[in-house]
Amino acid sequence: QVQLVESGGGLVQAGGSLRLSCAGSRRTFSGYDMGWFRQAPGKEREFVASISWTADSVYYADFVKGRFTISRDKTKNTLYLQMNSLNPEDTAVYYCASGSTGTDTNRYPYWGQGTPVNVSS
């Protein structure tokens with residue numbers, strides 16, 4: 001049963017921008033804090049950003065501060081990640097998750113299937 005669906009990934013040149021979206025159902029979106037994670041080839045999945053249900057608390061990994069912005073639209077049950085000034089080190093599969101907050105992947109019960117982002121130099 002599909003509960004979270006990411007989109008918006010693709011190929012972009014270094015310095016470019018992408019906006020990722022994550023569409024959820026009421027079950028996986030409403031009332032939950034949510035987050036974005038990423039996993040590069042050969043590496044563990046890592047925290048990127050999180051946002052509270054009320055959107056009044058946001059947190060970012062140090063390596064994306066000032067470049068990425070997380071947001072959510074409750075009317076559309078959708079989570080976003082605006083990514084600017086992309087560099088090749090940002091190449092990874094990006095996942096959205098809901099049901100928790102913080103950096104620990106084990107605390108999030110709901111996950112999307114991921115959307116790939118490839119940044120060329």
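Excluded from the calculations below are hydrogen atoms, water molecules and symmetry mates; all remaining heavy atoms, backbone and side chain alike, are included.
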Can you see which heavy atom on [X] is nearest to which on [Y], and at what distance?
X	Y	answer
Ala23	Thr78	CA-OG1, 4.2 Å
Ser71	Leu79	O-CD1, 3.3 Å
Ser52	Asp33	CA-OD1, 3.1 Å
Asn77	Ser25	ND2-C, 3.9 Å
Ser120	Leu11	CB-CD1, 4.4 Å

Could you pull out all residues at least two apart from [X] that satisfy side chain to side chain contact (heavy atoms under 4.5 Å, CB included)?
X	value
Thr115	Glu6, Leu20, Tyr94
Pro88	Ala14, Val119, Ser121
Ser17	Gln82, Asn84

Practice problem: Report yes or no: do Phe68 and Ile51 belong to one cluster of Ile/Leu/Val/Met/Phe/Trp/Tyr joined by side chain heavy-atom distances under 4.5 Å? | Solution: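 Yes, same cluster.
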Quiz item: Does one hydrophobic cluster hold both Val117 and Ile70, with members joined at side-chain heavy-atom distances below 4.5 Å?
Solution: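 Linked, Val117 and Ile70 end up in one cluster.
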Practice problem: Could I get the full list of salt bridge (Lys or Arg N to Asp or Glu O under 4.0 Å) partners for Asp90, not counting sequence neighbours? | Solution: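 Salt bridge (Lys or Arg N to Asp or Glu O under 4.0 Å) list for Asp90, sorted by chain: Arg38, Arg67.
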Pairs satisfying salt bridge (charged side-chain N to carboxylate O under 4.0 Å, His left out), at least one member in [range], at least two apart:
range	value
residues 47-62	Asp62-Lys65
residues 106-118	none
residues 108-121	none
residues 75-89	none

Quiz item: Which disulfide bond (SG atoms under 2.5 Å apart) pairs, counting each pair once, include a residue from residues 33-77, with sequence neighbours left out?
Solution: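 Passing the test, one end in residues 33-77: no pairs.
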Exercise. Provide the full list of disulfide bond (SG atoms under 2.5 Å apart) pairs with a residue in residues 10-99, sequence neighbours left out, each pair given once.
Key: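 Output for this query lists Cys22-Cys96.
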Exercise. With sequence neighbours excluded, give me every ring pair (Phe, Tyr, Trp, His ring centres under 6.0 Å) pair touching residues 5-27.
Key: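 Passing the test, one end in residues 5-27: no pairs.
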Quiz item: In Å and rounded to the nearest 0.5 Å, what is the OG1 to CZ distance from Thr69 to Arg19?
Solution: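 Interatomic distance, Thr69 OG1 to Arg19 CZ, rounded to 0.5 Å: 11.5 Å.
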Self-check item: Derivation and outcome, side chain to side chain contact (heavy atoms under 4.5 Å, CB included), residues Trp53 and Phe29
Solution: CA-CA 8 Å; Trp53 162 241; Phe29 190 91; 3.9 Å; yes
Practice problem: Each residue besides Trp111 in its hydrophobic cluster should be listed here, by chain and number; the cluster joins Ile, Leu, Val, Met, Phe, Trp and Tyr at side-chain heavy-atom distances under 4.5 Å. | Solution: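 Answer for Trp111: Phe37, Phe47, Tyr59, Val93, Tyr95, Tyr108.
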Self-check item: Over-ring placement of Arg72 relative to Tyr32, 6.0 Å and 45° cut-offs
Solution: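 No, Arg72 does not sit over the ring of Tyr32.
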Exercise. Verify side chain to side chain contact (heavy atoms under 4.5 Å, CB included) between Val12 and Met83, making sure each step is shown before the conclusion.
Key: CA-CA 11 Å; Val12 64; Met83 305 188 295; over 6 Å; no
